[in-house]
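To keep things clear, I will list the structure first and then write my remarks on it.
Each residue takes its place number in the sequence, starting with 1. None of these values were measured; they are calculated from a predicted model.
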Amino acid sequence: MAERSAGEGPKPKGPGGRLPARAVIDAVADGFTELPGTGVGDGAGDGDAYGDGPIAWEGYGRALARAHERTGEHESVVCGTGTVGGVPAVLIAFEFTFLGGSLGQRTGDRIEAAHRHAREARLPVVSLTATGGSRMQEGMRALVQLQRVARQLALTRAAGLPQIAVVRDPTTGGGWATLGAGSDVVLALPGAQVAFAGSRVRPPDADPAAYGAEEKLAAGQVDRVVAPEELPGVLGRWLSLLSSPDGSPGAAGGPAEPPRALGGAGAPGLPETGWEAVERARSAHRPRADAYLDAYFEVREEMSGDRCGGTDPGMRCGFGRRDGHTIAYAAQCGTPTLPAGFRTATRLIRLADRLGIPVLTLVDTPGAANDEAAERSGAGAAIADLFAAVTEARVPVTTLVVGEGGSGGALALAAPENTWVTPDCYFSVIAPESAAAILKRGPEHVRETAGELRLRPQDLVDLGVARGIVRP
């Protein structure tokens, strides 16, 4: 085995200003040790041993030998184990200057070996990608490696182990469509090309921004763009949140404790009328999700986007640490929830369920967005999928209603039999104004209708909808 230490510092940059694979590993990990059979001296790039490959591409063996001479590597990926932020992990790093970081048969061999070791040792997987896609010189033998890699990701996912991708410049083609976009959390370096279509096969009039990391963040396809100097800390925090100290998945204990009420929207105590409950929940002075999350967690990292092209700034999703334990959270921020918000929450809950991490949800929305854009984006299907994710979850889900609980758009995020309420909230089958309109009542009857809906915190407890009212 070959060992490297993070203290050695990075190698010089390769052509195009891109860091070599080992320099990237050194920048984020300590005590890197290559896996047997995947490192220097394994002969994978020896032109005499490999010849011109499975489709006898003339000169391929010589190209491999030149790539080895230029980079010191025998293949386009370096695989091994190391610690990131104190958490043991399997690392898969691409060497872009080795035939464009392309995937061939032996690349697939190494990636499969890395994932197999991760499952045997119960370690998370970190993919540091920089690839142009499948290797032309191996023809379809190279392309089918994507199926092989996808299977390894699926097996590691089924084993309940977290996978984090760091997409470097460039990450295109099948590398993006498997190791990149297929990971649980996707971090991107600023300015990186991140796309299925490589730079030489795009339409000539294509907007370059659409193929960049920042646009992918805006479109909900990566979770965060991270500056290189911040990457070791961010990656380490993610690994520590998604893994227990020995590197295995986070272990679910009991349900998350509901946060204490922060209060401040009105007079002390409970609202006397239904309309007072509505006014307190809608007050600009009432604490929102960010205040609750900041008070509840010691540290947290956020996920972003639904992976389908959308984001919702009114939905916070991520993982945080409280009293030494990881808790996943999905929190509405007081705005109508977009389909992308529901899909992001679904993504969060299903990931937490797979990793064995309990979930906390904070309900605060006047309801699901109901404009034309929301309908065209599949609001009904997105809400249905979130209902399913909550009810199917094997880990405990705890809900606190901190503000408005508007109809199904709020209920989709609520845990059956484990929902709590604050004194400054309401939860209703429909907004009082909408109820009055449906009943053909004038605006002067809205307050009366609010009372009839029995939407106050104490009403919710009496009805068995809420377990109790949390206090400051």
Side-chain angles (χ1 to χ4, degrees), residues 13-14 16-25 27-29 76-79 84 89-98 100-103 107 111 114-115 124-134 146 149-150 152-153 156-157 162-199 202 208-239 242 301-309 311 347 351:
K13 289 186 178 182
R18 299 183 178 100
L19 282 176
R22 295 179 188 272
V24 175
I25 292 172
V28 300
S76 59
V77 290
V78 178
C79 304
V84 182
V90 167
L91 296 107
I92 300 170
F94 280 73
E95 177 56 66
F96 186 76
T97 54
F98 192 102
S102 55
L103 284 83
T107 321
I111 293 172
H115 273 267
V125 177
V126 176
S127 298
L128 306 163
T129 63
T131 172
S134 300
L146 301 183
V149 171
Q152 292 307 309
L153 267 68
T156 301
R157 192 179 302 122
Q163 301 175 64
I164 301 177
V166 177
V167 290
R168 300 148 54 207
D169 182 44
T171 297
T172 60
W176 165 238
T178 53
L179 289 165
S183 293
D184 300 317
V185 176
V186 183
L187 309 175
L189 296 184
Q193 295 181 70
V194 182
F196 186 66
S199 60
R202 300 168 190 163
Y211 302 85
E214 288 75 12
E215 185 72 14
K216 288 293 186 290
L217 175 65
Q221 297 177 46
V222 305
D223 291 292
R224 180 173 172 182
V225 174
V226 184
E229 63 272 15
E230 296 177 359
L231 182 60
V234 173
L235 188 54
R237 286 193 296 277
W238 266 113
L239 286 171
L242 299 185
E301 288 288 337
E302 288 202 355
M303 300 166 60
S304 176
D306 64 0
R307 294 293 187 266
C308 300
T311 60
R347 175 185 158 220
L351 174 58

> Do Thr129 and Trp176 touch side chain to side chain, with heavy atoms closer than 4.5 Å?
Replying inline: no
>> Please list all pairs meeting side chain to side chain donor-acceptor pair (under 3.5 Å) that have one or both residues in residues 184-195, counting only residues at least two apart or in different chains.
In response: Asp184-Arg354, Gln193-Arg202
>> What I'd like to find out is whether the side chain of Val185 reaches to under 4.5 Å of the side chain of Leu242, using heavy atoms alone.
In response: yes
> Excluding sequence neighbours, so at least two apart, what forms side chain to side chain donor-acceptor pair (under 3.5 Å) with Ser127?
Replying inline: none
> Side chains of Leu146 and Ser134: does their closest heavy-atom pair fall under 4.5 Å?
Replying inline: yes
>> Rounded to the nearest 0.5 Å, what separates atom CD1 in Ile164 from atom CG in Leu239?
In response: 4.0 Å
> What's the shortest heavy-atom distance between Tyr211 and Ala195, and which atoms?
Replying inline: CD2-CB, 3.5 Å
> Is there a donor-acceptor contact under 3.5 Å from the side chain of Glu214 to the main chain of Pro190?
Replying inline: no
>> Show the nearest heavy-atom pair for residues Ala29 and Val84, with the distance to one decimal.
In response: CB-CG2, 4.0 Å
> For the residue pair Ala23 and Leu19, what are the closest heavy atoms and their distance?
Replying inline: CB-CD2, 4.1 Å
>> Which heavy atom of Val167 sits nearest to which heavy atom of Gly180, and what is that distance?
In response: CG1-CA, 4.3 Å
> Does a side-chain heavy-atom distance below 4.5 Å link Phe94 with Leu103?
Replying inline: yes
> If only atom types and distance count, is the side chain of Thr171 paired as donor or acceptor with the main-chain N or O of Arg168 below 3.5 Å?
Replying inline: yes
> Among all residues two or more places apart in sequence or in another chain, which pass the side-chain contact (heavy atoms from CB on, under 4.5 Å) test with Glu302?
Replying inline: Arg300, Arg316, Tyr329
> Can you name the side chain to side chain donor-acceptor pair (under 3.5 Å) partners of Gln163, sequence neighbours left out?
Replying inline: none
> So, for Gly132 and Phe96, which heavy atoms are closest and what is the spacing to 0.1 Å?
Replying inline: N-CE1, 3.9 Å
>> Tell me if a side-chain donor or acceptor on Thr172 pairs with a main-chain N or O of Thr131 at a distance below 3.5 Å.
In response: yes
> Ser102: what forms a side-chain contact (heavy atoms from CB on, under 4.5 Å) with it, not counting sequence neighbours?
Replying inline: Leu99, Arg135
>> Looking at every non-hydrogen atom in both residues, tell me the closest pair between Leu179 and Ser183 and how far apart they are.
In response: O-OG, 2.6 Å
>> So, taking the atom named CG in Leu128 and the one named CG in Leu189, what distance separates them when rounded to the nearest 0.5 Å?
In response: 9.0 Å
> Got Leu91 and Val28 here, is their nearest side-chain heavy-atom distance under 4.5 Å?
Replying inline: yes
>> Test side-chain contact (heavy atoms from CB on, under 4.5 Å) on Thr97 and Arg18; report intermediate values, then the result.
In response: CA-CA 9 Å; Thr97 54; Arg18 299 183 178 100; 5.9 Å; no
Under 3.5 Å donor-acceptor pairs involving side-chain atoms of residues 217-235, not counting sequence neighbours:
from   : atom 1 : to     : atom 2 : distance (Å)
Asp223 : OD1    : Ser304 : N      : 2.8
Asp223 : OD1    : Arg347 : NH1    : 3.2
Asp223 : OD1    : Arg347 : NH2    : 2.9
Asp223 : OD2    : Val186 : N      : 2.9
Asp223 : OD2    : Arg307 : NH2    : 2.6
Asp223 : OD2    : Arg347 : NH2    : 2.9
Arg224 : NH1    : Glu301 : OE1    : 3.1

